[in-house]
Amino acid sequence: MNNYRINTNYAKALFMVATDTGNIERAKQDMVLVGEVMAENRQLRSVFANPTIRFDKKVGIVRELFSGAVSDEVMAFLVFVVKKNRSINLQGIADSFVEQYRVAKGIVLSDLVTHQPIDDEARRTVTRLVEEYTGKQCELHDRTDPKMLGGFKLEFDHNMYDARIRTKIRKLRLEFAKNDYESKL
């Protein structure tokens, strides 16, 4: 069984429990927190990946880290995952849970990369356009890339719109390389 299936199956289990108890919003917030903590802390990931560290110590770490920050339901789930020797999968499980939440709520995640920060009006416009195209609610994440010459790149729902200047220059070079207008004599 690969990690994707492990992550998905555990996330589905928590999603079903949270839905049944009516705590889906809180569980989503908690799993976002778990995912962020795991993504930002390399030492924590290496501790959870180490098979020589006993699971009771790992359970203690989880309780210490997330006690009071997550609901009792999510805490019980995290302890269960660690006891099943899947602590290395916590970040993947959290990411999978958030993705399942988005699918269930009809939310599409979109990523906008620009050279300079965008204003609120541009953010609203991009969000509106993505929502019109997909028919889903848009969760827009924007970031800047100082290496980008200009333009933007927008990714959402397995689609990408590339309007970067570098891409346009590359396309022009390819067109000029064809040189259809020069005689082939």
Query - Derivation of the side chain to side chain contact (heavy atoms under 4.5 Å, CB included) call for Met31 and Val70 - result: CA-CA 8 Å; Met31 293 310 283; Val70 298; over 6 Å; no

Report task. Determine, step by step, whether Val59 and Arg63 satisfy the side chain to side chain contact (heavy atoms under 4.5 Å, CB included) criterion, reporting the C-alpha distance in whole Å, the side-chain angles of both residues, the deciding distance to 0.1 Å, and the verdict. Result -> CA-CA 6 Å; Val59 167; Arg63 288 186 196 271; 3.5 Å; yes

**Report entry** Glu25 and Lys105: CA distance, side-chain angles, deciding distance, side chain to side chain contact (heavy atoms under 4.5 Å, CB included) verdict
**Finding:** CA-CA 11 Å; Glu25 297 298 326; Lys105 297 291 185 177; 3.5 Å; yes

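- One N or O on the side chain of Asp162 and one on the backbone of Arg164 form a donor-acceptor pair closer than 3.5 Å.
- Using a 4.5 Å cut-off between side-chain heavy atoms of Ile, Leu, Val, Met, Phe, Trp and Tyr, with links allowed through other members, Val47 and Ile93 fall into the same hydrophobic cluster.
- Partner Leu140 forms a side chain to side chain contact (heavy atoms under 4.5 Å, CB included) with one of Leu112, Val130, Val108, Leu109 and no other, that one being Leu112.
- Between the CD atom in Gln29 and the CD1 atom in Ile24 there is a gap of 11.0 Å [rounded to 0.5 Å].
- Sorted by first and then second residue, the ring-ring contact (aromatic ring centres under 6.0 Å, His included) pairs with a member in residues 44-71 form an empty list; sequence neighbours excluded.
- Sparse packing is recorded around CG of Asn85, with 12 or fewer heavy atoms of other residues, nucleotides or ligands lying under 6.0 Å away.
- With salt bridges taken as basic N to acidic carboxylate O contacts below 4.0 Å, none links Lys136 and Glu131.
- Between the CG atom of Asp30 and the CZ atom of Phe97 there is a distance of 8.5 Å, given to the nearest 0.5 Å.
- Between Tyr161 and Phe156, a ring centre-to-centre spacing not shorter than 6.0 Å is recorded.
- The side chain to side chain contact (heavy atoms under 4.5 Å, CB included) test with Tyr10 singles out one residue from Thr8, Asn7, Leu14, Ile6, and that residue is Ile6.
- Under a 3.5 Å cut-off, the side chain of Asn41 and the backbone N or O of Val37 do not form any donor-acceptor pair.
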Requested in this report: Report the C-alpha distance between Phe152 and Ile118 in whole Å, list the side-chain angles of each, state the deciding distance to 0.1 Å, and finish with yes or no for side chain to side chain contact (heavy atoms under 4.5 Å, CB included).
Outcome: CA-CA 10 Å; Phe152 66 94; Ile118 61 172; over 6 Å; no

